[in-house]
Protein chains: 2
Amino acid sequence: MPEATVARLPLYLRALTTLAERGVATVSSEELAASAGVNSAKLRKDLSYLGSYGTRGVGYEVDFLRHQITREIGLTQDWAVVIVGIGNLGHALANYGGFASRGFRIAALVDADPGRVGEEVAGLKVRHADELEQIVQDLGIAIGVVATPARAAQLVCDRLVAAGVTSILNFAPAIVQVPEGVDLRKVDLSTEMQILAYHEQRKNGAALALTAEQAAELAEAVNG
Amino acid sequence: MPEATVARLPLYLRALTTLAERGVATVSSEELAASAGVNSAKLRKDLSYLGSYGTRGVGYEVDFLRHQITREIGLTQDWAVVIVGIGNLGHALANYGGFASRGFRIAALVDADPGRVGEEVAGLKVRHADELEQIVQDLGIAIGVVATPARAAQLVCDRLVAAGVTSILNFAPAIVQVPEGVDLRKVDLSTEMQILAYHEQRKNGAALALTAEQAAELAEAVNG
DNA sequence: AGACGCTTGTGAACGTGTGCACAAAGTTGC
DNA sequence: GCAACTTTGTGCACACGTTCACAAGCGTCT
């Protein structure tokens, strides 16, 4: 299955869930594509990799298709996740409701700061980073989420990998290297913002962009 | 400039900044590519879209190249950003240090909950969502960050667009439609986790995956 | 049963992105 | 000043992803 298709399956899953909640039983590729924001031919080709689950002349049965995608992605199993780094972002991730409903379970929270260890966040006690290897092994954790400062990211990833974690989601603004066979995905606000800025600059954006000084004055006048 | 190249420029910028901090003055495409985690030919091709800023036989001057990329992306200007939705994630974003250093300035925080309005977060007073349009116009905001619950995301984006925002970064786990000409990027934990799960399932992951029941027992035994 | 209308699934063309391999161009050493 | 060495910039071939367009298949209506 093409990587691009894999990346869109969660999108389709979300659209299907919304439709199911509205009580829709059947949906055509055209409708589903519209609500997922993609081209209908692309949607059909993507779904065709799963098998022939549609009915010509009718469309796709929402619940059935949802189940097939869920199975394909592997969400019928429960995935234990450890979050490393319980700062602002770690807190937000620990409290994020979208995990549990999709088969991900925050199994442990870890931080290197002794001051944070023992604190209870989202119903779990924060544990010390020294225990990381033990935690990963005891809880059968396969997915690690890194929400540490940039300087700690590489070390944390190395330790996660050494402990047997083979999938890592990195939120730290750092370039991290992992060995072959380990999946590393990164989520980076700063990068996304910079991509937006690039396009903004090439639109009417020049008019809206201010010098730092002008902006500071404005901000003070309005917010202060 | 190809979209794929634009998406990598921030990566190069980060690598260059790290090198500059280490006092490195010159870098070859091979070295820079290694530290950015990409192929050196790709790096050179990407940089060639900026112009011919390298010296054959030598490499690239770190500071100079950094400046060129900064300019190309548009980070020499100050971009005013509004964050909508000051929950856990909004807090984390407001306090994220990586913005200011890259030319982005959190100019305003907005929330629909009257209970949060007036609260001070990251040195700014949270203002009510009703004022959104006014704030966008007064502060010359070009980029909006949406960190609301999923159900509010579409409405917030519509209002941002109506107020003149043409670049939006959406953190809400929702599929949002925007008119032509508006750039919408999304950052979605859940999607990223699902992509990881897909690959994990196709590796040795089956061994690590537990049923929900087994996992709950384990978790209780270890965390409880 | 047969004709008609609708929607899927997919072959084929097109466009974008990647990576090799090398000529061009600069630096260094003698 | 010239030869040897290093590294950039890029033409070209290939791989990947997207979109069109339509045949195949299913349901419905007469």
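A note on names: the letters A, B, ... follow the listed sequences, proteins ahead of strands, and every chain is numbered from 1.
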Is it true that A/E3 and A/R8 have a side-chain N and a carboxylate O under 4.0 angstrom from each other?
-> no

In whole angstrom, give the distance that lies between atom CD of A/E3 and atom P of C/dT18.
-> 14 Å

A/Y60 side chain, from C-beta outward: closest of C/dT7, C/dT18, C/dG9 = C/dG9

Check: B/Y53 ring centre within less than 6.0 Å of B/Y60 ring centre | no

Within the pair B/K42 and C/dT18, is there a side-chain N or O less than 4.0 Å away from OP1 or OP2?
-> yes

Contact class for B/A41 vs. all strands (heavy atom < 4.0 Å): base, sugar-phosphate, or nothing?
-> base

To the nearest angstrom, the CG-P distance between A/L47 and C/dT10 comes to 11 Å

In whole angstrom, what separates A/Q68's CD from C/dT8's C1'?
-> 16 Å

Footprint ends on DNA chain D, 5' to 3', for atoms under 4.0 angstrom from a heavy atom of chain A, come out as D/dG17 to D/dG27

Send over the distance from A/L32 CG to C/dG9 P, rounded to a whole Å.
-> 12 Å

A/L65 CG to C/dT8 C1': how many Å, rounded?
-> 13 Å

Residue mapping more 5' on DNA chain D - nearest nucleotide basis, A/D46 or A/G57 = A/D46

Heavy-atom distance under 4.5 Å between the side chains of A/V161 and A/P179, does that happen here?
-> yes

Would you say the side chain of A/R56 and the base of C/dT7 hold a donor-acceptor pair, judged only by whether the two atoms sit under 3.5 Å apart?
-> no

Side chain of B/P2 - closest among C/dG17, C/dT18, C/dG11 | C/dG17

With a 4.0 Å cut-off on heavy atoms, is B/Y53 in touch with a base, just the backbone sugar-phosphate, or nothing at all?
-> sugar-phosphate

Quickly work out the A/E61 CD to C/dT8 C1' distance and round it to whole Å.
-> 15 Å

Polar contact flag, side-chain donor to acceptor under 3.5 angstrom, A/T5-A/D46 = yes

Taking side chain as C-beta onward, heavy atoms only, is A/T191 less than 4.5 Å from A/I195?
-> yes

Min side-chain heavy-atom separation A/I175-A/Q177 under 4.5 Å | yes

For B/M1 and C/dT18, give me the distance from atom CE to atom P, rounded to whole Å.
-> 14 Å

Evaluate the side chain to side chain contact (heavy atoms under 4.5 Å, CB included) criterion for residues B/L75 and B/L13: first the C-alpha distance (whole Å), next the side-chain angles of each, then the deciding distance (0.1 Å), finally the verdict.
-> CA-CA 11 Å; B/L75 303 187; B/L13 196 50; 3.8 Å; yes

Whichever of A/V58 and B/G59 has its nearest DNA chain D nucleotide further upstream toward 5' | B/G59

